[in-house]
Amino acid sequence: MCSADAYRLRLREIDIKSLKTDQLYPHRQVIRFNSTFVEVMDSWEFIRGRATALALPMWAALFFAIFMFLFFMYSLYFKQVYWSVAVFSCLTIGLGYLVYSNYKMAKYDLFGYTHYPIRFNRKTQKVYAFSPQQQKMIELNWRDLRFSAVKEGDDIELRASLVNADNIVEEEIIFPFLAPRYQPELVDQHLAFFKAYMQGDDLKRIDAAIPEFFDIYNRKESFKETFERVYMVNGIVERVQQKRPKERYMLSVSLNIIFWLPTLFLRRLGLLFSTIPEWPTHIEKECRIERNDTYDSTNKQRHLAPLKFSWAQILVIFLSGLILFSLAIVFFIGLAYLSWNYR
């Protein structure tokens, strides 16, 4: 959500005044909706757990290496106090630095907020967002923003930027949905939803375009919700459709299970240590919901059909996971064996 990511390839700038689509595509990212503001998830939703997935193995390998090195140094120099003190001091400094560098990488997952919401206030024409990298609140005027499609790996993300007179990005917000590169039109449709809300008056049409409310305001998501969100992010069909598909691509589900099951665990682990984000008092005052607001989504139950699998599908997923995890274990054991015998 910050300008530090400006090195990523900007595919095109989007002129919001001349958007060529009338289709509204909020995806399944709306937390709250009413006549005053709409609050949505963040782009971190699509990569949640990856930083932790990198940090935890590195921490494990680091502590194992330090333990083995200390063991060998103790075996060689246990009679020489000077060597013991020198080695221990160096290792302590090195360990502290490596642990801290890994902590910086994983803290947004493990020790940050449960999510980093973005709020669009149509009455004040302001956009508010939590910035995970900068660890601060961003507050921008909607009219001052410039929009662009940015390449992010195999996906395309929508960014809103505050650009100064020298054409330098000062602040940047990443919208919640990441469009696959084979459906770039979804980026424009995603922006069209927020344009309609901030600049239009047809709230009935906008409300009808929202497939569900993922209302985690002031609470942590349940295990069931986590499972459905992880499945949505990793599913070829679910990640782009706003409705629950009747048929599932079981081949994709089976092959991706080695990725989304660990992601499920890591996301739950992150929720355990993370705190619920709280909007500052002045923002809550600016976003006060009117009484008897017809469009207030608070306590409204709008969800997609429950995610269900047949027993045959569960068996296929289980066997696929068993086979893939077994192959992964065999691979790493073989790699360790070869490294030990041919060193």
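Treat the numbers as computed from the prediction; the structure is a model and nothing was measured.
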* Same apolar cluster (I L V M F W Y, side chains within < 4.5 Å links), L261/F223 -> yes
* Contact summary for V187 and A149, nearest pair of heavy atoms -> CG1-CB, 4.2 Å
* Asked: Donor-acceptor pair, N141 side chain versus R143 backbone, under 3.5 Å?
  -> no
* **Rounded distance [0.5 Å steps], CG in L140 versus CD in Q125** => 13.0 Å
* Asked: Is any side-chain heavy atom of L304 closer than 4.5 Å to a side-chain heavy atom of P211?
  -> yes
* Is it possible for you to say whether F175 and M198 belong to one hydrophobic cluster, with membership spreading through side-chain heavy-atom contacts below 4.5 Å? => yes
* Asked: Are more than 12 heavy atoms from other residues, nucleotides or ligands located less than 6.0 Å from atom OH of Y217?
  -> yes
* Excluding sequence neighbours, so at least two apart, what forms side chain to side chain donor-acceptor pair (under 3.5 Å) with E13? -> R146
* Asked: When rounded to the nearest 0.5 angstrom, what is the spacing between CD in E171 and CG in L162?
  -> 7.0 Å
* Relative to Y197, does R122 satisfy both conditions: NZ or CZ under 6.0 angstrom from the six-membered ring centre, and within 45 degrees of the ring's axis? -> yes
* To do: May I ask you to check whether F130 and Y113 place their ring centers less than 6.0 Å from one another?
  => yes
* **Salt bridge flag under 4.0 Å for residues R205 and D22** => no
* Got E212 and V30 here, is their nearest side-chain heavy-atom distance under 4.5 Å? -> no
* Asked: Would you say D15 has more than 12 foreign heavy atoms packed within less than 6.0 Å of its CG?
  -> yes
* To do: State whether the number of non-hydrogen atoms from other residues, nucleotides or ligands found under 6.0 Å of R181 atom CZ is greater than 12.
  => no
* Is the closest side-chain heavy-atom distance between R268 and L272 below 4.5 Å? -> no
* To do: Report yes if the side chains of E221 and T114 come closer than 4.5 Å at any heavy-atom pair, otherwise no.
  => no
* Any chain of hydrophobic side-chain contacts (each under 4.5 Å) joining L266 to F273? -> yes
* If you take all heavy atoms of R302 and D207, which pair is closest and at what distance? -> NH1-O, 2.9 Å
* **side-chain contact (heavy atoms from CB on, under 4.5 Å) between Q189 and L186, worked out** => CA-CA 5 Å; Q189 294 173 19; L186 294 180; 3.5 Å; yes
* Asked: Is the shortest heavy-atom distance from the side chain of I14 to the side chain of L158 under 4.5 Å?
  -> yes
* Asked: Is there a side-chain contact between V127 and F194, using heavy atoms and a 4.5 Å cut-off?
  -> no
* **Pairwise distance CD1(I156) to CZ(F177) - rounded to 0.5 angstrom** => 10.0 Å
* To do: Could you tell me the separation between the NZ atom of K126 and the CZ atom of F120, rounded to the nearest 0.5 Å?
  => 15.0 Å
* To do: Please step through side-chain contact (heavy atoms from CB on, under 4.5 Å) for the pair K220 and I276, ending with a clear verdict.
  => CA-CA 7 Å; K220 294 184 177 182; I276 299 171; 3.9 Å; yes
* Asked: Cluster question for you: counting only ILVMFWY and a side-chain heavy-atom cut-off of under 4.5 Å, with indirect links fine, are L271 and Y231 together?
  -> no
* **Non-hydrogen atoms of P26 and H190 that approach each other most closely** => O-CE1, 3.8 Å
* **Spacing of D42 atom CG and H115 atom NE2 [to the nearest 0.5 Å]** => 7.5 Å
* **Heavy-atom side-chain contact between H27 and M41 under 4.5 Å** => no
* Asked: Would you say the side chain of W279 lies within less than 4.5 Å of the side chain of P117, judging by non-hydrogen atoms?
  -> yes
* Structure fact -> Heavy atoms of L203 and S35 approach each other most closely as CD1-OG, 3.7 Å
* Structure fact -> The reported gap from NZ in K300 to CD1 in I210 (rounded to nearest 0.5 angstrom) is 9.5 Å
* Asked: Do you know the tightest heavy-atom contact between I118 and I173?
  -> CD1-CG2, 3.7 Å
* Before giving the answer on side-chain contact (heavy atoms from CB on, under 4.5 Å), spell out for I174 and E152 the whole-Å C-alpha distance, their side-chain angles and the decisive distance to 0.1 Å. => CA-CA 11 Å; I174 305 176; E152 171 59 36; over 6 Å; no
* If you count the non-hydrogen atoms of other residues, nucleotides and ligands that lie under 6.0 Å from CD in Q23, is the total more than 12? -> no
* Asked: Counting only N and O atoms by type, is there a donor-acceptor contact under 3.5 Å from the side chain of D296 to the main-chain atoms of T298?
  -> yes
* For E139 and H282, test the side chains for any donor-to-acceptor distance below 3.5 angstrom and give the result as yes or no. => yes
* Evaluate the side-chain contact (heavy atoms from CB on, under 4.5 Å) criterion for residues I289 and R32: first the C-alpha distance (whole Å), next the side-chain angles of each, then the deciding distance (0.1 Å), finally the verdict. => CA-CA 11 Å; I289 305 172; R32 303 177 74 195; 3.4 Å; yes
* Structure fact -> ring pair (Phe, Tyr, Trp, His ring centres under 6.0 Å) pairs touching residues 135-154, sequence neighbours excluded, are W142-F147
* Asked: Any donor and acceptor pair, going by atom type alone, linking the side chain of N121 with main-chain N or O of T124 inside 3.5 Å?
  -> yes
* Are R267 and E225 close enough for a salt bridge, meaning some N to O gap below 4.0 Å? -> no
